[in-house]
Novice: 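Before I ask anything, let me first share the structure, which is written out below as structure tokens.
These values consider heavy atoms only, across backbone and side chains, with no hydrogens, waters or symmetry-generated copies. In what follows, chains are A, B, ... by sequence order, proteins preceding strands, each numbered from 1.
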Amino acid sequence: MNDRDQIINNNNQPDELSEHIKVRLDKLTSMLKDNKNPWGLRYEKTHDNLDVITRFEQLEGSEVSLAGRIMAIRGHGKATFVDLVDRSGKIQLHVKADLLGEERYHEFSTYDLGDIIGIKGTVFKTKRGEVTVQVKECTFLTKALRPLPDKFHGLKDIDMRYRQRYVDLMVSPEVRDTFIKRTKIIKAIRNYLDNLGYLEVETPVMHTLAGGAAAKPFVTHHNALDMTLYLRIALELHLKRLIVGGFEKVYEMSRVFRNEGISTRHNPEFTMIELYEAYSDIDGMMELTENMVASVANEVLGTKKISYQGQEIDLTPPWTRISMLEAIKKYANLDLSGDLSDAEALKLAKEHHLEIEPSWTYGHVVNGFFEKYCEEKLIQPTFVYGHPLAISPLAKKDEKDPRFTQRFELFIVGREHANAFSELNDPIDQKQRFLDQLKEREAGNEEAHVMDEDFITALEYGMPPTGGLGIGIDRLVMLLTDQPSIRDVILFPHMRPKE
RNA sequence: GAGCCAUUAGCUCAGUCGGUAGAGCACCGGACUUUUAAUCCGGGCGUCCGGGGUUCGAAUCCCCGAUGGCUCACCA
């Protein structure tokens, strides 16, 4: 039995399909019976819809060939108006029986919302002034068996928007725009770094050790080698090996995976860029960050002043710089700069009702105060620098105060957007830091870093002083496209399977 | 993982005090050759998220479950 017979047969059987689908299957069946192809062939377009509209003066009266999806039909007996939507947008078609012929016009009248057609016709303007194509020829390209959502309200059901993004994209131009902007932002970043002489590289996604960040990895298994592998949680350690190798300026913009909770700011797989520049440092990374983000905003949005969920954000460099201790002084009215013992720090944390982990030391307490009292206050772009050593096992120590590191995090609208440091290039210190992390791990911190012996070996060959930076691309896209949830900037966000 | 809220026609939503299901769009039939959320006439759509319970009677009240949203937790 071939496909055609199968469809005709199936359609003869009563089933539980909705009226809409039955009607469309009936139309499909009659097309097949009439030897009309409902699944179309290659079609030659001469223009995108938007071209015809923007270049109307030149194109008026001439013939164009367009293709797209039927999104609205306004019938008037022997003539019909149709909205045809392609990647560039909507254009109106006018189809007349006397121009197309009675038979072809009747056939046209059986087309449904959602069907995909190609047309040839001449460009004109209606009485009301809308650029329209008078259809002379129409080619059926693809049958839609399911009805479209409400043409006026569109698709509102958030669950369905994420699960069936194709429907969302079909009916929501603003969703399409967001994802087009996402691509432009990513291209602008690549462009910016390429122009500075950075080399884009690819490093392994499957790791034998999940290092470079404090996070739980996804675990998988290689059958032939019979070994456990982890999906990467960061790009860091491989990229720094490439700095040892002599590339000097490298970046990778790609997916990382963290086995953690899901929220409006967290998707299990997300896109990060990490870049490393030999002979630079934390200050170089600050300058690069503010200049790059401002430049990308300007290129994609045409402005450095943006609005995020009603808040005005000014991305014009230079951005505010404040140390973590100063921030705590400012927002929590607490001076933690003195020589506090771990016990004293913990006592203070308890007094302020911080949730404490058993493995915590002075440095963790400082970070705890910062997270509780400061993060949400940092609305305008702010570099917070001087992170405690205990939470920064890959960063160089602050030469003046070895309890802290040459590290910054960037906060905008109260959220972390970037993380950077002068990279630790002392293999002996690095080994000790990993050992300290292992102790934390034993104390119950599942997210503590793991020991990476080969990375130590790489450092033993000598890594130049280096500045490194990581930016969460999804969060940056959220910021620049004014989207409230990370799911609004990821085409297919992770969802629990239904049922 | 916890709390709160939501789930009704293809889509967007209403549904009173517990009395047996509604609108707009879409769809079906008809009219209509410059409309544009086209208009006009006619038509009926349904596992009220799923399962159990209370009740003479449940979309509505109670319990369990599913999925989603928000907040919190987790997450540098």
Novice: Any side-chain donor-acceptor pair under 3.5 Å between A:Q432 and A:D436?
Specialist: yes

Novice: Does B:G68 have OP1 or OP2 sitting under 4.0 Å from an N or O in the side chain of A:R487?
Specialist: no

Novice: So for A:H266 and B:C75, does any side-chain atom that can act as donor or acceptor lie under 3.5 Å from a complementary atom in the base?
Specialist: yes

Novice: For a quick check under 3.5 Å, do A:E409 and A:H387 share a side-chain donor-acceptor pair by atom type?
Specialist: yes

Novice: Sticking with atom P, work out how far B:C75 lies from B:G18, rounded to a whole angstrom.
Specialist: 46 Å

Novice: Suppose you measure atom C1' in B:C27 against the same atom in B:U34; what distance do you get, rounded to whole Å?
Specialist: 26 Å

Novice: Could you work out the separation of B:C25 and B:A9 based on their C1' atoms and round it to a whole Å?
Specialist: 12 Å

Novice: Are there any protein N/O atoms within less than 3.5 Å of an N/O atom in nucleotides 6-8 of chain B, and if so, which ones and at what distance?
Specialist:
none

Novice: In whole Å, what separates the C1' atom of B:G57 from that of B:U39?
Specialist: 44 Å

Novice: Using a distance-only test with no angle check, is there a side-chain donor-acceptor pair under 3.5 angstrom linking A:Y162 and A:D488?
Specialist: yes

Novice: C1' atom, B:A59 versus B:U7: distance in rounded Å?
Specialist: 11 Å

Novice: Is a side-chain N or O of A:H76 found less than 3.5 angstrom from the main chain of A:R74, in a donor-acceptor match?
Specialist: yes

Novice: Salt bridge or not for A:K36 and A:D34, using N-O below 4.0 Å?
Specialist: no

Novice: Closer than 4.0 angstrom, basic N to acidic O: yes or no for A:E107 and A:R104?
Specialist: yes

Novice: Using the C1' atom as the reference point in each nucleotide, state the distance between B:G42 and B:C5 in Å, no decimals.
Specialist: 41 Å

Novice: Answer with yes or no after comparing the ring centroid distance for A:Y331 and A:Y373 against a 6.0 Å cut-off, counting only values under it.
Specialist: no

Novice: Using atom C1' in both nucleotides, what's the gap between B:A31 and B:A23 to the nearest angstrom?
Specialist: 25 Å

Novice: In the 5'-to-3' direction, what one-character label does each nucleotide of nucleotides 30-35 of chain B receive under the scheme B = base within less than 4.0 Å of a protein heavy atom, S = sugar-phosphate only, - = no such atom?
Specialist: --BBBB

Novice: Between A:Y276 and A:Y251, is the ring centroid distance below 6.0 Å?
Specialist: no

Novice: With P as the reference atom in both, quote the distance from B:C28 to B:G22 in angstrom, rounded to an integer.
Specialist: 23 Å

Novice: So for A:D150 and B:G24, does any side-chain atom that can act as donor or acceptor lie under 3.5 Å from a complementary atom in the base?
Specialist: yes

Novice: May I ask you to say whether A:D429 pairs ionically with A:R433, meaning some side-chain N is under 4.0 Å from a carboxylate O?
Specialist: yes

Novice: With respect to the side chain of A:D112, which nucleotide from B:U12, B:U67, B:C28 is positioned closest?
Specialist: B:C28

